[in-house]
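Please read the structure below before turning to the comments.
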Amino acid sequence: MINHVWGLLTHPSQELQQIKREGESIQHLYAHHVLLLAAIPVICAFIGTTQVGWNFGEGRVIKLAPMTALYCAIIFYILILAAVALMGRVIYWMARRYENRPSWQSCTRFAGYAATPMFLGGVVALYPMIWLCLLVGIVALCYTGYLMYLGIPTFLNIDRQEGFIFSGSTFAIGVLVLEFLLGLTVLLWGYGVRLL
């Protein structure tokens with residue numbers, strides 16, 4: 001698992017080709033990559049919201065009680081896992097017009113590995129300051145888009161130009177899914193005290 005993370009950060013093109021050649025199952029992907037890395041933003045957000053609190057500027061800090069944060073963390077974790085599966089479905093659905101359409105498993109595998117920068121960017125939730133989370137989130141999102149640009153042609157066996165169009169469309173849908181997830185996250189972590 002760690003070797004893929006390091007490879008995606010240092011030599012992403014070769015690493016994505018290696019991931020495709022391995023052809024791991026969805027169960028292996030989730031057990032050795034997604035379940036572990038998706039825990040990073042969840043655990044960091046739990047610690048950040050219970051120990052530091054959301055900093056909204058002007059001295060306004062909102063801390064969550066540990067039990068409330070635990071409920072939010074469980075829901076947040078499930079949402080992240082579902083978002084990876086949803087993006088795998090989206091990629092599979094969008095690839096329906098290609099002759100060498102990849103399997104749903106291959107598309108989900110790609111979605112899980114492409115989300116790696118977003119998972120790693122979750123470390124910033126240890127210090128939940130809005131502008132800092134936004135800045136790191138944008139950087140992670142850009143790198144995820146880069147991984148999609150590199151990986152889509154490899155996983156779909158299409159040329160770079162068509163891959164650029166496909167990855168742009170997939171990225172746009174991914175951003176919508178992310179915005180939905182972020183909206184729920186703000187509700188859960190920012191206003192969890194009032195919701196639960």
Side-chain angles (χ1 to χ4, degrees), residues 1-20 29 33-45 48 54-55 76-77 79-95 102 106-156 158-186 188-190:
M1 187 264 315
I2 297 301
N3 61 335
H4 284 314
V5 172
W6 182 250
L8 287 169
L9 296 176
T10 59
H11 50 277
S13 188
Q14 296 93 327
E15 197 65 31
L16 288 166
Q17 291 172 1
Q18 174 67 29
I19 290 167
K20 183 182 179 189
L29 167 73
H33 188 78
V34 176
L35 290 173
L36 299 172
L37 289 181
I40 293 172
V42 173
I43 292 169
C44 290
W54 274 104
N55 187 340
F76 185 42
Y77 191 58
L79 287 172
I80 290 172
L81 299 178
V84 170
L86 176 63
M87 284 310 300
R89 269 291 172 203
V90 166
I91 294 168
Y92 179 70
W93 177 77
M94 290 180 64
S106 180
C107 294
T108 303
R109 193 168 51 246
F110 174 67
Y113 283 109
T116 299
M118 300 300 292
F119 296 147
L120 296 176
V123 169
V124 76
L126 283 170
Y127 190 70
M129 183 173 260
I130 295 292
W131 69 267
L132 182 62
C133 290
L134 185 61
L135 177 67
V136 172
I138 289 171
V139 170
L141 185 62
C142 289
Y143 197 75
T144 295
Y146 177 66
L147 289 179
M148 293 182 86
Y149 168 73
L150 289 177
I152 293 253
T154 301
F155 276 80
L156 297 182
I158 57 178
D159 63 67
R160 279 266 173 234
Q161 184 173 354
E162 198 165 352
F164 178 74
I165 295 167
F166 188 97
S167 61
S169 302
T170 305
F171 185 72
I173 293 171
V175 168
L176 291 175
V177 170
L178 178 65
E179 286 176 5
F180 177 73
L181 186 61
L182 287 176
L184 289 175
T185 301
V186 167
L188 287 171
W189 293 108

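For clarity, every value in this text was computed on a predicted model and none was experimentally measured. Below, each value reflects all heavy atoms present in this structure, side chains not excepted, and no hydrogens, waters or symmetry copies.
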Would you mind reporting whether [Y] and [X] have side-chain heavy atoms less than 4.5 Å apart?
X: Cys44; Y: Val124; answer: no
X: Thr108; Y: Tyr92; answer: no
X: Phe110; Y: Pro102; answer: no

For the [atom1] atom of [X] and the [atom2] atom of [Y], what is their distance to the nearest 0.5 Å?
X: Phe171; Y: Leu147; atom1: CZ; atom2: CG; result: 10.5 Å
X: Leu134; Y: Leu141; atom1: CG; atom2: CG; result: 10.5 Å
X: Ile91; Y: Ser169; atom1: CD1; atom2: OG; result: 11.5 Å
X: His4; Y: Leu16; atom1: NE2; atom2: CG; result: 10.0 Å
X: Ile80; Y: Leu35; atom1: CD1; atom2: CG; result: 11.0 Å
X: Tyr113; Y: Phe119; atom1: OH; atom2: CZ; result: 11.0 Å

Heavy-atom pair of closest approach, residues [X] and [Y]:
X: Gly112; Y: Val84; answer: CA-CG1, 3.7 Å
X: Val136; Y: Gly121; answer: CG1-O, 3.6 Å
X: Glu15; Y: Leu8; answer: CG-N, 3.7 Å
X: Ala39; Y: Tyr77; answer: N-CE1, 3.6 Å
X: Ala114; Y: Met148; answer: CB-CG, 4.2 Å
X: Leu150; Y: Ser13; answer: CD1-N, 4.0 Å

_Other residues, nucleotides and ligands only: do more than 12 of their heavy atoms fall within 6.0 Å of CZ on Phe164?_
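It does not: Phe164 CZ has 12 such atoms or fewer within range.
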*Would you list the pairs meeting side-chain hydrogen bond (donor to acceptor under 3.5 Å, both in side chains) in which at least one residue belongs to residues 116-140, sequence neighbours left out?*
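Non-adjacent pairs meeting side-chain hydrogen bond (donor to acceptor under 3.5 Å, both in side chains): His33-Thr116.
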*side-chain contact (heavy atoms from CB on, under 4.5 Å) evaluation trace for Val123 with Leu120*: CA-CA 6 Å; Val123 169; Leu120 296 176; 5.7 Å; no
*Who passes side-chain hydrogen bond (donor to acceptor under 3.5 Å, both in side chains) against Thr170, sequence neighbours left out?*
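Counting only residues at least two positions away or on another chain, Thr170 forms no side-chain hydrogen bond (donor to acceptor under 3.5 Å, both in side chains).
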*asked:* If you apply the rule side-chain contact (heavy atoms from CB on, under 4.5 Å), what do you find for Met94 with Ile173, and how did you get there?
replied: CA-CA 11 Å; Met94 290 180 64; Ile173 293 171; 3.6 Å; yes
